Every structure is written in C-alpha cells, then in structure tokens.
2 protein chains.
Amino acid sequence: MGKCEQCIIKQFNSLKSLTKDELIRISGCKTSKTIKKGEVIFEEGETLHGVYCVKDGICKLSKLSENGKDQIVKMVVKGQLLGQRSLISDESSNLQATALNDMEVCFIPKSEIISDLQKNPKFSFDVLKDMAHDLKEADDVIVNMAQKSVRQRLAETLIYIHDSFGVNPDGTMSILLSREDYANIVGTATESAIRVLSQFKKDGLISTIGKYIKLEDINGLKRIE
Amino acid sequence: MGKCEQCIIKQFNSLKSLTKDELIRISGCKTSKTIKKGEVIFEEGETLHGVYCVKDGICKLSKLSENGKDQIVKMVVKGQLLGQRSLISDESSNLQATALNDMEVCFIPKSEIISDLQKNPKFSFDVLKDMAHDLKEADDVIVNMAQKSVRQRLAETLIYIHDSFGVNPDGTMSILLSREDYANIVGTATESAIRVLSQFKKDGLISTIGKYIKLEDINGLKRIE
DNA sequence: AATAAAACATGACAGATATCATATTTAAAA
DNA sequence: TTTTAAATATGATATCTGTCATGTTTTATT
C-alpha cells in the first residue's frame with residue numbers, strides 16, 4: 001500500500017499541511033479502497049467514521065428531495081477530500097456520495113485525524129479555507145437556482161464542468177454524465193434536460209462524440225438567457 | 001465602551017472559545033457601531049478588514065443576480081458573527097450585508113483576530129463548526145430551491161423565520177420583512193410572493209397584525225405541496 | 001445473436017410562475 | 001395637511017417547465 005508522505009495527491013488538499021510525522025501516522029491507519037462506478041460510498045443520514053481522500057475518479061454528492069428526486073449538490077474529484085464536514089460537525093452525513101466512475105480512495109479514520117485538526121493550526125486553517133470556498137460556491141449555486149432559467153443553469157453547468165474537471169485530448173469533457181445527472185444538477189425534469197441539450201446541439205453550442213459532450217461555443221453558452 | 005470579556009453576546013458565537021487574555025486584547029481594538037435600518041454594512045466585492053459581532057438587530061446577506069434581482073442567501077441575527085468567511089479566504093466579500101432593522105455591532109479588525117485563529121485551536125475549531133453548519137444549511141437551501149414550488153418555499157421560509165428568530169408577545173414573528181424581501185428569499189417575483197401570502201391569509205394559515213405576520217396554522221403550512 | 005433493460009428523444013398538454021398593467025393602500029416628505 | 005412616493009394588491013396574459021405518453025436508440029444480459 002502507498003505511503004501518504006509520498007503521495008502526490010495530498011498536494012491538492014488540506015493534508016499537505018500535515019507534518020511528516022503526522023502523515024506517517026495517518027499512513028499507518030488508512031485503508032485503500034476501490035469503488036466501482038455507481039456504487040454508493042456513503043448514504044444520507046449515515047454516520048461517517050472518517051474522511052476519504054480521492055486518489056482517482058469522481059463522485060457526486062446528492063440529497064434526496066421529498067418529491068423523490070435526487071438533487072446533486074456538488075461533485076468531488078481526484079485530489080479532494082470527501083466527508084470533511086462530518087469530521088467536524090459530529091452529525092450524520094447530510095448527503096449521499098455516489099461514484100460517477102471507478103474510484104480509488106483512501107479512508108482515514110476520524111479518530112486519527114481529529115487530533116491533528118485540534119493540534120495543527122496550519123491544517124485546521126487549511127480545512128477552514130476549503131470550507132469557506134465550498135460555502136461561497138454553495139451561495140452562488142443558491143442564487144443561480146433561484147434566479148436563472150433551466151437553459152441558463154444547464155449552460156453554466158456545462159461550462160463549470162468543462163472548466164473545473166478538464167477535457168479529453170479530443171476536446172470532449174472528461175466527465176461522463178447521464179441526462180438524468182444533468183437534470184439532477186440543474187434541478188429540472190430529465191426530459192427538460194434532454195430537450196435543452198438537444199437544442200444546444202441543434203444550435204451548434206455543443207456537439208457529441210459518442211456519449212461525450214464537447215463545448216463548441218462557450219461564449220454562445222454564456223450569452224444564453 | 002463595553003468590554004468583550006464581560007459581553008454576554010459572545011456566548012452565542014465562536015468568540016466564547018477565546019481566552020480571557022485574547023478577549024481583553026480584542027476588546028482594546030474593537031469599535032462599536034450603530035447601523036440604521038436599510039443601511040449597507042458591506043457590499044458585494046468589498047474587501048473586509050475584519051468581522052462584525054452582532055450585538056443587536058438583524059441583517060440580510062444577499063447577492064445581486066444578473067437579472068437585477070437581489071437574492072437573499074442568509075440572515076444574521078444578534079449573537080452571530082458577520083463576515084467570517086472573508087476573514088479566512090482573503091477574497092473580497094461574495095455577499096452584501098444590509099441591516100433589516102437598527103443594529104448594534106462590534107467591529108473586530110482582521111489583523112487582531114487572525115492570529116487567534118492560527119494559534120487557538122479551540123477557537124478555530126469552533127469557527128470550523130460554524131462554517132460546517134452554514135454549509136449544511138446552504139446545501140438544504142439548494143435542494144429546496146431546485147425541487148420545491150414557490151408556495152412550499154415561502155411556507156418553509158415563514159416557519160424557518162418563526163422558529164429561528166422568535167416571536168413577539170402577541171405571537172407575531174419578530175422580524176419584519178417586506179414582500180419584496182420574502183420574494184428575494186424564496187427567489188420569485190415580488191407579485192408572486194404577494195399573491196401567495198394573500199392566499200395563505202385567505203386560507204387561514206397566517207394572519208397579520210399591522211405589518212407583522214403571525215403563523216396561525218404551522219402544520220397547515222407544512223402540508224403545502 | 002437474441003432479448004431485455006436502460007437511456008435518450010420528442011410530442012401534447014396542463015400547471016406554475018413571470019411579466020405587464022393598473023388599482024389601492026400605506027408611509028414618508030414637503 | 002397635502003403631496004409624493006413606496007408598498008401592497010389583483011387581473012390578464014405569455015412563457016417556461018413538468019408530466020404523461022410513446023417511440024427510438026443504445027447498452028447490458030442471457
């Protein structure tokens with residue numbers, strides 16, 4: 001099993017602020033896991049006993065609404081930590097995490113890392129920064145949900161995913177989402193998401209290569225009202 | 001001017017985790033301010049140079065959408081800290097803060113409190129908990145915005161305000177908001193908010209005493225679809 | 001390869017909400 | 001008080017979006 005102190009992934013998250021000794025200790029108690037596409041990592045309401053460091057793959061964080069729809073609140077990719085909030089708040093998880101493709105994660109038990117949070121101010125400040133960033137993003141999502149049309153939200157979602165999670169060599173977006181996933185991000189009916197994406201394609205704003213989507217006219221997408 | 005170490009307000013926020021010495025130092029550099037109803041405390045995009053501890057009154061945190069509407073994202077009341085996020089992230093404020101009634105606040109310069117955040121782990125863990133809580137609330141708002149009708153959101157907003165911010169002796173909600181404010185919380189047109197509230201009144205779910213709203217049938221409001 | 005099951009697509013229609021117009025009431029200012 | 005402005009109210013209408021139905025394509029399974 002790999003060692004945390006040598007793992008490059010940690011550069012991308014708060015774990016980089018741990019000391020070498022702390023990392024070695026963490027390394028000793030972590031467990032690596034492979035998670036298959038579609039698998040649920042943790043459920044809404046479940047008590048988490050640690051955090052996951054995502055070494056590879058992508059997952060979605062969603063919450064079941066009363067109307068039976070699964071609202072995707074956030075996506076977590078390679079390099080990020082999963083379940084940070086439950087580490088801090090002692091509450092059960094507010095969200096469900098589901099793998100969007102095959103994932104490699106390291107699970108770090110809460111008992112091991114919580115003491116670092118209490119003792120290493122650099123680390124806790126880093127987590128704080130992460131959380132502040134998430135909060136800002138969440139506020140922006142609230143405004144978009146409240147004030148923008150489905151077309152606008154879908155266009156912005158495409159741009160967000162394109163810019164945040166990268167593209168394949170052929171220019172298609174590296175993340176593969178079903179129309180239902182898009183609908184659940186934007187908060188609309190699956191049929192509506194399908195319709196809007198079809199229209200975007202007709203209008204030359206996007207194209208598809210196999211199941212992958214390529215943004216053909218980002219400025220056009222930005223101009224949508 | 002009052003002394004932080006003796007101020008009861010701090011019991012309600014993270015400042016309670018500061019040591020007596022830290023509080024005395026903070027006390028020496030803080031400035032008290034009175035803010036009048038409607039006054040803007042800080043604007044979107046403004047660089048904040050500290051945090052506000054709200055001693056009295058209520059303010060709204062909002063963000064201007066591209067369509068010209070002001071989406072209210074959160075409300076901050078007596079006892080809470082205002083501008084926490086900007087303390088951590090070094091970025092300019094993402095939101096505008098506007099007083100909803102006359103307020104009493106203490107301004108604590110960033111330079112003074114940032115060192116406590118770095119050195120006092122109990123304090124920073126407390127701020128972390130606050131932030132985690134805000135994040136959870138924000139996620140819930142996202143789901144509500146995305147999946148629920150205007151009627152439902154308005155009903156829930158009424159209940160939320162009623163439960164969170166208290167009632168007057170006559171049972172009316174202590175916070176006075178315009179119909180426009182309600183519209184900007186639920187993310188709808190002012191006319192729609194007016195219409196829905198009128199309907200609630202006709203249905204006996206709420207009543208009004210002067211400009212104040214009283215919830216007459218909370219269970220009825222909860223049952224709205 | 002044949003079959004079943006998802007995922008995607010599209011039409012028709014209903015319902016919710018935004019917009020525009022216009023009163024009416026309430027609060028503020030002269 | 002009178003005047004003006006702001007907030008609240010309500011109707012008419014258009015638009016957006018959800019729902020239901022149905023069909024096609026793609027993917028998975030036997």
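These numbers come from a predicted model, not from an experiment. Chain letters run A, B, ... following the sequence lines, proteins first, then strands; residues in each count from 1.
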(message) I need the residues from residues 65-76 of chain A with at least one non-hydrogen atom less than 4.0 Å from DNA chain D; give them sorted by number, or say none.
(response) A/Lys69
Checking [X] now: which residues fulfil salt bridge (Lys or Arg N to Asp or Glu O under 4.0 Å) with it, not counting sequence neighbours?
{"X": "A/Asp126", "value": "A/Lys16"}
{"X": "A/Lys78", "value": "none"}
{"X": "B/Glu66", "value": "A/Lys148"}
{"X": "B/Arg85", "value": "A/Asp139"}

(request) For A/Thr190, answer base if it contacts any base atom (sugar-phosphate contacts may also be present), sugar-phosphate if it contacts only those atoms, and nothing otherwise; contact means non-hydrogen atoms under 4.0 Å. (result) nothing
(request) To the nearest 0.5 Å, tell me how far B/Gln84 CD sits from B/Ile113 CD1. (result) 9.0 Å
Please list, pair by pair, any protein nitrogen or oxygen found under 3.5 Å from a nitrogen or oxygen in nucleotides 9-13 of chain C.
from: C/dA9; atom 1: OP2; to: A/Arg179; atom 2: NH1; distance (Å): 3.0
from: C/dT10; atom 1: OP2; to: A/Ser198; atom 2: OG; distance (Å): 3.4
from: C/dG11; atom 1: N7; to: A/Arg195; atom 2: NH1; distance (Å): 3.0
from: C/dG11; atom 1: O6; to: A/Arg195; atom 2: NH2; distance (Å): 3.1

Assess the side chains of [X] and [Y]: does a donor N or O sit below 3.5 Å from an acceptor N or O?
{"X": "B/Asp130", "Y": "B/Asn13", "answer": "no"}
{"X": "A/Glu44", "Y": "A/Gln96", "answer": "no"}
{"X": "B/Asn168", "Y": "B/Ser174", "answer": "no"}
{"X": "A/Glu216", "Y": "A/Ser207", "answer": "yes"}

(request) With a 4.0 angstrom cut-off to heavy atoms of chain A, pull out the first and last contacting nucleotide of DNA chain D, in 5'-to-3' order. (result) D/dT17 to D/dT27
(request) Under 4.0 Å from any atom of DNA chain C, heavy atoms only: list the residues of residues 140-154 of chain B that qualify, in numerical order. (result) B/Ser149, B/Val150
N/O to N/O distances under 3.5 Å, protein versus nucleotides 26-30 of chain C:
none

(request) Scan residues 144-180 of chain B for pairs that pass ring pair (Phe, Tyr, Trp, His ring centres under 6.0 Å), counting only residues two or more places apart or in two chains. (result) B/Tyr160-B/Phe165
(request) Using the test side-chain contact (heavy atoms from CB on, under 4.5 Å), find all partners of B/Cys7 that sit at least two apart in sequence or belong to another chain. (result) B/Ile9
(request) Give a yes or no on whether B/Gln6 atom CD has more than 12 heavy-atom contacts from other residues, nucleotides or ligands under 6.0 Å away. (result) yes
(request) Please indicate whether A/Gln11 has more than 12 foreign heavy atoms, meaning atoms of other residues, nucleotides or ligands, lying under 6.0 Å from its CD. (result) yes
Please give me the minimum heavy-atom distance between [X] and [Y], naming the atom from each residue.
{"X": "A/Gln71", "Y": "B/Gln147", "answer": "OE1-NE2, 2.8 Å"}
{"X": "A/Ile159", "Y": "A/Lys222", "answer": "CD1-CG, 3.5 Å"}
{"X": "B/Ser92", "Y": "B/Gly45", "answer": "CB-O, 3.2 Å"}

(message) What is the distance, to the nearest angstrom, from the CD atom on B/Glu225 to the C1' atom on C/dT17?
(response) 18 Å
(message) If I take atom CD in residue A/Glu180 and atom P in nucleotide C/dC8, what distance separates them, rounded to the nearest angstrom?
(response) 9 Å
(message) Check this for me, if you would: do A/Asp134 and A/Lys74 make a salt bridge, where the nitrogen-to-carboxylate-oxygen distance has to be below 4.0 angstrom?
(response) yes
(message) Based on the rotation axes of five pairs at each end, what angle does the helix from C/dA1-D/dT30 to C/dA30-D/dT1 bend through, to 10°?
(response) 50°
(request) Could you check B/Glu91 against A/Lys136 for salt bridge (charged side-chain N to carboxylate O under 4.0 Å, His left out), going step by step and ending with a plain yes or no? (result) CA-CA 10 Å; B/Glu91 296 163 3; A/Lys136 182 184 171 162; 3.2 Å; yes
